[in-house]
Protein chains: 2
Amino acid sequence: MGSTKTQHFTSDQNQVAAYAKALAHPARIAILQHLLKKQNCICGDLVGELPLAQATVSQHLKELKAVGLIKGTVEGTSVCYCIDPQKWEEVRDIFMNLFSTPVACQDNCC
Amino acid sequence: MGSTKTQHFTSDQNQVAAYAKALAHPARIAILQHLLKKQNCICGDLVGELPLAQATVSQHLKELKAVGLIKGTVEGTSVCYCIDPQKWEEVRDIFMNLFSTPVACQDNCC
DNA sequence: CTATTCTATCGTAAAATTACGATGAAGCAG
DNA sequence: CTGCTTCATCGTAATTTTACGATAGAATAG
């Protein structure tokens, strides 16, 4: 036990959950907000901006990269991270799709 | 270690992360999708629909209730769960707000 | 070449999550 | 009252997540 029973759910449900999991940490939200704002996609100075150790930031970046929300490009000694615009839209659409479903059960219901 | 350093992030970031965490499991997505669809807000037959033990479903329902996405009303021996329409909109807006931010760094950037 | 900088990865510890059986509490049926 | 159904909670185990120091690798600076 302890491991999620992924096989028993639809790929749709697993997909939404996987992207939600990527967003399920304030540090990763902070990273994304930072990458959204900066015109010149910042690199390792993310470590300076966040209240976390370098290894921890690197780990969060890895998770965001794993779901494809960001991509990293080596630039000399440092690495430049950017949001993948296509993926960003895709994930937005996936969440929109979930939230656009009208709530069948309204106030009078319960 | 192992615990998220919540204090060091903005309440905005923590809020998004908290809602994302609530959505970060396929079973909870399945529950929400089910509650969205059903006109008569179903109750404990969620347990029948999901490939999980009753105790586990109850635990997932508790988490969704904790963030306010659903509410439960006792109806005799059973409990009726519904999506909270206000909260549902609120959370949708929060995610929309995040995803509506234009991506500053475009393709040519890295 | 050597030193320095930047970042990824390893190893590890603490905590949180996921899952389930067992048990308890609350309401209904008889 | 007794039994049955429904659901929440407790206790527990397996797994995953979060976090950090230490270390390694790669590129630049001198």
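Letters A, B, ... are given to chains in the order of the sequence lines, protein chains preceding strands, and every chain is numbered from 1. Keep in mind that this is a model prediction, so the values were computed, not measured.
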Residues in side-chain contact (heavy atoms from CB on, under 4.5 Å) with B:E89, at least two apart?
-> B:R92

If you group Ile, Leu, Val, Met, Phe, Trp and Tyr by side-chain heavy-atom gaps below 4.5 Å, do B:M1 and A:L50 land in one group?
-> no

Parallel under 30°, tilted from 30 to 60°, perpendicular over 60°: which one fits the rings of B:H25 and A:F9?
-> perpendicular

Mark up nucleotides 18-30 of chain D, 5' to 3', with B wherever a protein heavy atom is under 4.0 angstrom from a base atom, S wherever such an atom reaches only the sugar-phosphate, and - elsewhere.
-> BBBBB----BS--

Could you tell me which non-hydrogen atom of A:F95 sits nearest to which non-hydrogen atom of A:V16, and how far apart they are?
-> CZ-O, 4.3 Å

Measure from [atom1] on [X] to [atom2] on [N] and round the result to the nearest Å.
X     : N      : atom1 : atom2 : value
B:L23 : C:dT17 : CG    : C1'   : 16 Å
B:D45 : D:dT5  : CG    : P     : 16 Å
A:K62 : D:dT16 : NZ    : C1'   : 14 Å

Counting distance only, does the side-chain N/O of A:D84 pair as donor-acceptor with the main-chain N or O of A:K71 below 3.5 Å?
-> no

With side chain to side chain contact (heavy atoms under 4.5 Å, CB included) as the test, would you mind laying out the steps for A:Q33 and B:D12 before giving the verdict?
-> CA-CA 11 Å; A:Q33 285 177 339; B:D12 169 64; 2.9 Å; yes

Using a cut-off of strictly less than 4.0 Å, decide whether B:Y81 has a side-chain nitrogen or oxygen near OP1 or OP2 of D:dT6.
-> no

